[in-house]
Student: 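Let me begin by handing over the structure; questions about it come next.
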Amino acid sequence: MRLRKHRQCFPSCSSHHRVDEDEIYRRHKKRDGELEWPHDSTHAKSQLAQCFINAMVGPRSWTGLFTRSSNKRNEKHGDYSLSPLQEQRLLRLQARLQVPFDENRPDHQEALKALWRAAFPDVALQGLISEQWKEMGWQGSNPSTDFRGCGFISLENLLFFTRTYPVSFRRLLFKEDGKRATWEYPFAVAGINISFMLIKMLDLCSEDEAAFDVLYCIAFEMVDAQWLAMHASYMQFNDVLQATRTQLERELSLEDTQRIHDLPAYNLLYQ
């Protein structure tokens with residue numbers, strides 16, 4: 001399913017260079033400064049997230065959002081065989097992809113709470129069903145309705161992002177870079193779309209389970225950079241996502257790309 005053609009334009013600009021704060025965080029394990037509670041209209045964010053969900057995936061299924069295309073790097077290394085360790089990692093990743101989000105599972109509930117605490121450490125969550133979730137860019141008051149076909153791994157991706165690159169995570173969550181649009185893309189729903197894009201793009205051929213999570217963080221940074229560079233509007237998010245996918249496929253096909261850290265876009269996490 002493709003985005004509907006009607007569009008509304010908002011101004012943006014390209015991203016700025018940033019200091020390597022995440023590396024400092026990971027080395028010294030120091031918390032960042034206090035976050036400010038967003039002042040944007042919760043009602044407006046809810047309406048935008050609902051519109052975004054319906055335009056991107058329809059009311060029930062993610063099927064058809066992307067057409068399957070062969071990965072250039074996979075074509076070039078089509079005869080590459082996995083080591084036993086790599087095969088185990090791939091099997092674990094594939095197993096993760098089969099886990100749906102279950103709002104009744106205590107561990108899934110705790111994962112959602114952990115995501116909230118990471119995003120808003122100074123704001124008490126009123127409940128797993130709460131209007132507060134809209135501030136993070138969920139469709140409505142119950143985040144579980146947004147996972148649909150992408151499953152629990154999309155929440156795991158968000159948690160990995162905030163735990164591994166917390167400065168980058170918060171920078172994108174609170175839209176701190178560049179001249180932002182009046183109506184921005186909803187962060188959480190965008191994150192689910194990025195998880196889905198990577199799953200389809202890689203055809204589950206990741207050689208390293210952890211590499212998939214790191215690639216997710218890189219892709220999120222790339223999406224935000226494309227959003228700013230393209231002066232994108234809210235309803236142009238699918239164009240931004242496609243441009244990100246094209247850029248990512250190009251980087252994965254580079255001759256000297258042997259691991260995730262070799263990707264040129266990896267530096268976005270630390271600039």
Side-chain angles (χ1 to χ4, degrees), residues 31-32 34-62 65 99-176 180-197 213 216-217 219-220 223-224 227 234-235 237 241:
R31 292 187 61 85
D32 303 308
E34 294 184 358
L35 295 175
E36 296 182 359
W37 182 253
H39 300 293
D40 295 339
S41 167
T42 299
H43 178 67
K45 286 184 177 182
S46 174
Q47 287 183 317
L48 286 172
Q50 175 107 27
C51 176
F52 182 86
I53 279 280
N54 292 338
M56 290 294 290
V57 303
R60 290 187 179 275
S61 175
W62 295 83
L65 177 57
V99 179
F101 181 84
D102 185 348
E103 61 182 321
N104 296 314
R105 282 184 55 168
D107 56 335
H108 289 196
Q109 295 175 357
E110 183 54 37
L112 263 181
K113 293 176 184 178
L115 181 63
W116 178 268
R117 290 192 297 268
F120 306 110
D122 300 319
V123 181
L125 179 63
Q126 297 174 2
L128 290 175
I129 299 179
S130 169
E131 293 296 306
Q132 290 175 291
W133 288 109
K134 298 175 185 177
E135 294 291 348
M136 196 185 295
W138 297 99
Q139 179 183 3
S141 60
N142 185 359
S144 66
T145 61
D146 288 341
F147 291 104
R148 296 195 178 110
C150 207
F152 185 60
I153 193 171
S154 55
L155 177 54
E156 289 182 311
N157 289 152
L158 285 167
L159 284 170
F160 179 89
F161 195 3
T162 187
R163 290 166 177 168
T164 311
Y165 308 103
V167 176
S168 176
F169 175 89
R170 296 175 188 178
R171 185 173 62 244
L172 299 188
L173 171 62
F174 295 107
K175 309 295 193 301
E176 295 176 351
R180 310 303 307 202
T182 302
W183 303 113
E184 281 285 335
Y185 62 83
F187 178 83
V189 175
I192 293 177
N193 275 272
I194 293 169
S195 295
F196 184 78
M197 176 189 73
D213 297 293
Y216 169 85
C217 301
F220 217 135
V223 164
D224 193 69
W227 174 271
Y234 180 84
M235 292 302 295
F237 184 83
L241 209 60

Student: Which residues pass the side chain to side chain contact (heavy atoms under 4.5 Å, CB included) test with Asp102, not counting sequence neighbours?
Tutor: Asn104, Arg105, His108
Student: Can you check whether Glu103's main-chain N or O pairs, donor with acceptor, with Gln109's side chain at less than 3.5 Å?
Tutor: yes
Student: Write down the atom of Met197, the atom of Ala219, and the distance for their closest heavy-atom approach.
Tutor: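 In this case the closest contact between Met197 and Ala219 is CE-CB, 4.3 Å.
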Student: Where the side chain of Trp116 meets the backbone of Met136, is there a donor-acceptor pair that is under 3.5 Å apart?
Tutor: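 No: the side chain of Trp116 does not pair with the backbone of Met136.
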Student: For the residue pair Phe237 and Val189, establish whether any side-chain heavy-atom pair is separated by less than 4.5 Å.
Tutor: no
Student: Between Arg117 and Glu110, is there a salt bridge with N-O shorter than 4.0 Å?
Tutor: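 Salt bridge between Glu110 and Arg117, a charged N being under 4.0 Å from a carboxylate O: yes.
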Student: Rounded to the nearest 0.5 Å, what's the gap from CZ on Phe101 to CD1 on Ile153? Could you check?
Tutor: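 Phe101 CZ to Ile153 CD1: 14.5 Å, rounded to 0.5 Å.
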Student: Residues two or more places apart in sequence or in another chain: which of them pass side chain to side chain donor-acceptor pair (under 3.5 Å) with Ser195?
Tutor: Asn157
Student: Answer whether the closest heavy-atom distance between the side chains of Leu112 and Pro143 falls below 4.5 Å.
Tutor: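 They are in side-chain contact.
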Student: For a quick test of reading the model, state the closest non-hydrogen atom pair linking Thr145 to Asn142 and the distance between them.
Tutor: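 Shortest heavy-atom contact: OG1-O, 2.9 Å.
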Student: Hey, is the main chain of Leu128 close enough, under 3.5 Å, to the side chain of Trp133 for a donor-acceptor pair?
Tutor: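 The answer is yes, because a donor-acceptor pair under 3.5 Å joins these two groups.
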Student: Set out, in order, the CA-CA distance, both residues' side-chain angles and the distance that settles side-chain contact (heavy atoms from CB on, under 4.5 Å) for Leu155 and Phe160, then state yes or no.
Tutor: CA-CA 9 Å; Leu155 177 54; Phe160 179 89; over 6 Å; no
Student: Is the closest side-chain heavy-atom distance between Tyr165 and Leu172 below 4.5 Å?
Tutor: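 Heavy-atom side-chain distance check fails, nothing below 4.5 Å.
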Student: Who are the side chain to side chain contact (heavy atoms under 4.5 Å, CB included) partners of Gln126, not counting sequence neighbours?
Tutor: Ser130, Gln132
Student: For Ser141, give me all partners under side chain to side chain donor-acceptor pair (under 3.5 Å), at least two apart in sequence or on another chain.
Tutor: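 Residues passing side chain to side chain donor-acceptor pair (under 3.5 Å) with Ser141: none at all.
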Student: Donor-acceptor check, side chain of Ser154 to backbone of Gly151, threshold 3.5 angstrom: yes or no?
Tutor: yes
Student: Would you call Leu241 and Ile194 a side-chain contact if the rule is heavy atoms closer than 4.5 Å?
Tutor: yes
Student: Contact between Glu156 and Val99 at the side-chain level, heavy atoms closer than 4.5 Å - yes or no?
Tutor: no
Student: How close do Leu158 and Phe169 get, heavy atom to heavy atom, and via which atoms?
Tutor: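 Where Leu158 meets Phe169 most closely, the heavy atoms are O-CE1, 3.9 Å.
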Student: Are Leu159 and Arg163 close enough, and set up right, to give a side-chain contact (heavy atoms from CB on, under 4.5 Å), and what steps lead you there?
Tutor: CA-CA 6 Å; Leu159 284 170; Arg163 290 166 177 168; 4.0 Å; yes
Student: Only counting residues at least two apart or in another chain, list the ones meeting ring-ring contact (aromatic ring centres under 6.0 Å, His included) with Phe220.
Tutor: Phe161, Phe187, Tyr216
